There are 2 protein chains.
Amino acid sequence: MGKPTKVTNSIRALRFAHGEMTQAELAKHVGVTRQTIIAIEQGRYSPSLEMAFQIARVFKVPLDDVFQYPDAED
Amino acid sequence: MGKPTKVTNSIRALRFAHGEMTQAELAKHVGVTRQTIIAIEQGRYSPSLEMAFQIARVFKVPLDDVFQYPDAED
DNA sequence: CACTGAAGTATAGAAAACTTGACATGACGT
DNA sequence: ACGTCATGTCAAGTTTTCTATACTTCAGTG
């Protein structure tokens with residue numbers, strides 16, 4: 001079973017803010033599969049740092065604008 | 001074999017800027033093993049986003065201050 | 001209604017990240 | 001010379017991330 005990640009994200013909001021960009025389009029821009037975007041958007045696991053940087057770059061925002069790390073605790 | 005990552009970091013410099021903190025101490029603070037810190041410091045692979053956030057938090061700096069993502073290119 | 005595009009689920013398997021433990025090196029103090 | 005501490009290496013194993021296929025649901029359109 002996957003463990004749900006602590007990191008949250010604003011990918012869905014950013015996609016819509018960028019001309020209704022679809023998950024498939026974002027996946028292509030980032031260079032991953034559609035399933036990966038779905039899983040991350042749903043917080044099923046947190047992406048690699050590389051992927052996080054690539055996503056932020058697609059939306060032209062800083063990394064902290066896409067991903068949030070809560071104070072702590074499992 | 002791990003593939004060398006595109007992401008670079010300033011962990012070593014930050015460790016020394018924080019009272020000569022050792023790799024073992026940083027590992028303990030972050031909650032990973034010493035080997036993991038060594039590998040990341042050497043750029044053998046890039047950490048998970050969660051770990052990246054935790055490291056930045058230890059040094060009390062923004063994530064982009066610890067990790068840099070170059071323009072592109074594989 | 002049939003057709004299409006976007007989102008989601010599921011499963012198996014590859015690849016990358018991370019752990020554990022053992023051993024090697026160089027710098028430092030006694 | 002000896003012990004210790006910080007760094008680094010190696011190899012085998014586990015967990016998490018990511019891919020690839022295939023199938024489902026729902027909103028919109030002709």
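Small disclaimer: the values here were computed from a predicted structure and weren't measured. Each chain gets a letter, A, B and so on, in the order its sequence line appears, and its residues count up from 1.
The side chain of Tyr45(B) has dA17(C) as its nearest neighbour among dG8(C), dA17(C), dC18(D).
For the segment residues 16-23 of chain A, residues with any heavy atom less than 4.0 angstrom from an atom of DNA chain C are, sorted by number, Thr22(A), Gln23(A). Near DNA chain C, defined here as any heavy-atom distance below 4.0 Å, the residues from residues 28-35 of chain A are Arg34(A), Gln35(A), listed numerically.
At dT17(D), none of the side-chain N or O atoms of Ser48(B) fall inside 4.0 Å of OP1 or OP2 (strictly under the cut-off). Regarding contacts with the backbone of dT16(D), every side-chain N or O of Ser46(A) stays at 4.0 angstrom or more from both OP1 and OP2. Contact annotation: Gln42(A) reaches the phosphate of dT9(C) (side-chain N/O to OP1 or OP2, under 4.0 Å). Of the side-chain N and O atoms in Arg12(B), none sit less than 4.0 angstrom from OP1 or OP2 of dA6(D). When the side-chain nitrogen and oxygen atoms of Arg44(A) are compared with OP1 and OP2 of dC18(D), none of them lie within a distance under 4.0 Å.
Residue contacts shown for Thr36(B) include a base, since a base heavy atom lies under 4.0 Å away.
Judged by distance alone, with hydrogens and angles left aside, the side-chain atoms of Ser48(A) form a donor-acceptor pair with the main-chain N or O of Met51(A) at under 3.5 Å. A donor-acceptor contact shorter than 3.5 Å links the side chain of His29(A) to the backbone of Glu25(A). The backbone N or O of Gln42(A) sits nowhere less than 3.5 Å from a side-chain atom of Arg12(A) that would complete a donor-acceptor pair. Without hydrogens or angle criteria, Asn9(A) side chain to Gln68(A) main chain gives no donor-acceptor distance under 3.5 Å.
Here the P atom of nucleotide dT17(D) and the CD atom of Glu50(A) are 15 Å apart, to the nearest Å. Following rounding to the nearest Å, Ile55(A) (CD1) and dT17(D) (C1') show an atom-to-atom distance of 13 Å. For the pair Ile11(B) CD1 and dA6(D) P, the computed distance is 18 Å after rounding to whole Å. Rounding to whole angstrom units, CE of residue Met51(A) and C1' of dT16(D) are separated by 13 Å. Put simply, CG on Leu26(B) is 16 Å from C1' on dG8(D), counting in whole angstrom units. In this structure, the CD1 atom of Ile37(A) is 11 Å from the P atom of dA7(C), given to the nearest Å. Regarding Ile38(A), its CD1 atom lies at a distance of 16 Å from the P atom of dT25(D), rounded to whole Å.
When each of Met21(A), Glu41(A), Gln23(A) is checked for a side chain to side chain contact (heavy atoms under 4.5 Å, CB included) with Ile11(A), only Glu41(A) meets the rule.
When all heavy atoms of Gln54(B) and Val30(B) are compared, the closest pair comes out as OE1-O, 2.8 Å.
Note on Ile38(B) and Val58(B): separate hydrophobic clusters, where clusters join Ile, Leu, Val, Met, Phe, Trp and Tyr whose side-chain heavy atoms are under 4.5 Å apart, directly or indirectly.
Side-chain contact between Leu63(B) and Ile55(B): absent, with no pair of heavy atoms (C-beta onward) separated by less than 4.5 Å.
Here Lys6(B) pairs with Glu50(A) in a salt bridge; the nearest charged N to carboxylate O distance falls below 4.0 Å.
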